[in-house]
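Along the sequence shown, residues carry numbers from 1.
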Amino acid sequence: MSDKELRRYSRVVVDGDEHAPGRAMLRAVGFNDDDFKRPQIGIASTWSMVTPCNMHIGDLAEVAARGANEAGGKAVIFNTISVSDGISMGTPGMRYSLVSREIIADSIEAVAGAEGFDGLVAIGGCDKNMPACVMAMARLNRPSVFVYGGTIRPGIKRRDIVSVFEAVGARSGGKISAEELLEIEQTAIPGPGACGGMYTANTMASAIEALGMSLGNSSAQEAVSDAKTADCHRAGMAVLQLIREDIKPLDIMTREAFENAISVVIALGGSTNAVLHLLAMAREAEVELSLDDFTRIGASTPVLADVKPSGQYLMSELIEIGGIQPLMKRMLDRGMLHGDCLTVTGKTLAENLANVSDYPKGQKIIRDFDDPIKKDSHLAILYGNLAPEGAVAKISGKEGLHFEGRARVFHSEEDALQAILGDVVKAGDVIVIRYEGPKGAPGMREMLSPTGAIMGRGLGKEVALITDGRFSGGSHGFVVGHVTPEAAVGGPIALLEDGDAIRIDAETKEISVAISDEEMAARRAKWRRPVSAVTRGALAKYRSAVSSASEGAVTIPPAWDE
């Protein structure tokens, strides 16, 4: 490949007398004469001190830059934002969480497009900035590698952030003292890294590795480890090889690759947010993917990982036995993955896994295929007169596969949480939290505070929760989210009343309310959308552009000629 081909984008910015002003600017940030002849590699860092998930990523970006430079490129580090779900959870600030996915993708696209980077390394740590990085890579379609910032180490007594949320519920139920709650708060988060179970960050890291957009084992390394440092260095070097071989994200992010990602997410018992994010990533890659694909793949894919939140083990413990690669090798050998999919190594998935060793004998984290946690997917896509466009349930089977109860309706997460903590919610209730969808919140808040309180109060098998919002990867129990159409556009969830009989069936994939079509029509005729206090700013812009959760809650406008 010629020098000009290697510098397909940067040469437009730096070559020729007319671009002397641009070169002058770049000299001030560290370029020398030789650097203008090298491919420019953007290193998108999501570093900030907003959250422990990302607090170490600045250092990792420096390592990735060093790898790119050593491989013959010229690295340029730039930052984008991150917001903390764990800190904003249960507050109005959580409305910005999913919105931040779009802002991050937009900002990476803007910087890389404006500066003429020839390749990209993006390092993400918290769950929204991870799919955002891949969404930007798909838009730009320049040689790119994603790096996961890594999981946090366990706190004392194997605690993590979900331990704290559930302790709040336990405290309100009188099961622990104020001193015990404080001790859990003080010891659950020991340092840098993303939340430690198979919550959304570790789920998405695993999905992106299975998709082929990160190097092998990038998903299964602790944030503070030699392995993660080496992963960043290799990523910086790998992107130069991708440039030389002209391998771009859309060569990798095929429909078959997305099917691999879905299969791995299911086998790991991953977060419902994976549905939302994989749909959004596929939309950016112009790959047709729908809710029904999760049902189709899930029918023959078992849950094999005994990991938190519904299982016993943390990501650090899965790392100790080899991470997700032995699981992927097992799945490939059984014909459950497409082995011919190209990856950022320049090799196929099958080639990457060829020499991977199996898990050590006696390990209990990853079950055998003949002894699964659940014989099919825990991610149930439900339809019915309550969700005609679909809903996403996370049902491990531990809470049962069916639930029937009476609706107890709330117009916000805060109201529902106070009812749970205040002993208003009783066994047999179906908690309905509405006006929390992409347009309704706006921003589709996660419901970890209510679900954590439910589990902490010992009601995990006694109540169900449905919402047009979504759930944290740390949520578990009998929960159904992403109910579409959402309440803010007049979906059936907006028409529910206290006492309505609701039926949820994970086996028949149904969610329904015992209301006649005539009664539903009468209620719809009376319905008026509540007035929103959000009238300006990022949330208002998001509300005007965002699509349904069943389409990934993306903000992609229609093509110009449409």
Side-chain angles (χ1 to χ4, degrees), residues 1 5-10 38-46 57 60-61 63-65 67-69 71-80 101 104-125 129-149 204-205 207-216 218-219 231-254 257-258 261 277-278 280-287 341-349 352:
M1 184 175 283
E5 290 174 314
L6 289 174
R7 299 188 301 114
R8 183 173 298 170
Y9 300 97
S10 62
R38 296 169 173 254
Q40 289 188 33
I41 309 301
I43 311 292
S45 168
T46 58
I57 286 178
L60 297 183
V63 176
N69 291 339
K74 174 58 179 175
V76 180
I77 298 173
F78 66 98
N79 257 80
T80 184
R101 186 188 72 182
I104 294 163
D106 290 349
S107 66
I108 293 174
E109 176 197 354
V111 174
E115 299 300 315
F117 296 141
D118 301 296
L120 188 68
V121 176
I123 310 174
N129 53 60
M130 299 165 66
C133 289
V134 178
M135 290 162 69
M137 290 172 174
R139 293 179 193 174
L140 292 160
N141 200 31
R142 303 176 189 186
S144 304
V145 179
F146 175 78
V147 179
Y148 177 39
M204 290 313 301
I208 292 168
E209 181 176 332
L211 186 67
M213 286 302 296
S214 61
L215 299 176
S218 183
S219 69
D231 181 41
C232 293
H233 190 267
R234 287 196 303 270
M237 301 188 75
V239 74
L240 269 298
Q241 190 60 34
L242 291 174
I243 291 173
R244 295 184 184 106
E245 296 181 21
D246 195 27
I247 296 174
K248 299 179 288 296
L250 298 189
D251 300 322
I252 295 169
M253 297 169 64
T254 62
F258 277 99
H277 295 325
L278 287 171
M281 291 156 58
R283 179 74 182 274
E284 296 282 8
E286 299 185 334
V287 169
C341 288
L342 188 62
T343 75
V344 292
T345 66
K347 299 178 180 179
T348 66
L349 181 69
N352 290 343

Exercise. Are M204 and V134 side-chain neighbours, meaning at least one heavy-atom pair lies under 4.5 Å?
Worked result: no

Kindly give the heavy-atom pair with the smallest separation between [X] and [Y], and that separation in Å.
X: C341; Y: T254; answer: SG-OG1, 4.3 Å
X: R142; Y: G113; answer: NH2-CA, 4.0 Å
X: V63; Y: C232; answer: CG1-CB, 4.0 Å
X: V121; Y: A235; answer: CG2-O, 3.8 Å
X: L240; Y: G72; answer: CD1-C, 4.1 Å
X: R38; Y: R7; answer: O-CD, 3.5 Å

Seminar exercise, completed: Contacts satisfying side chain to side chain donor-acceptor pair (under 3.5 Å) that involve residues 114-123 (not counting sequence neighbours) are S10-D118

For this session: May I ask you to decide if S219's main-chain N or O and E209's side chain share a donor-acceptor pair within less than 3.5 Å?
Result: yes

Problem set entry | Main-chain N/O of G124 paired to N129 side chain as donor or acceptor, under 3.5 Å |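 Such a contact is absent between N129 side chain and G124 backbone.
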
Taking only distance into account, with no hydrogens and no angle test, what donor-acceptor pairs under 3.5 Å do side-chain atoms of residues 39-46 form with protein atoms, sequence neighbours excluded?
from: S45; atom 1: OG; to: W47; atom 2: N; distance (Å): 3.1
from: T46; atom 1: OG1; to: N54; atom 2: ND2; distance (Å): 2.9
from: T46; atom 1: OG1; to: I123; atom 2: O; distance (Å): 2.8

For this session: Could you check D231, L242, L120 and say which one makes a side-chain contact (heavy atoms from CB on, under 4.5 Å) with V145?
Result: L242

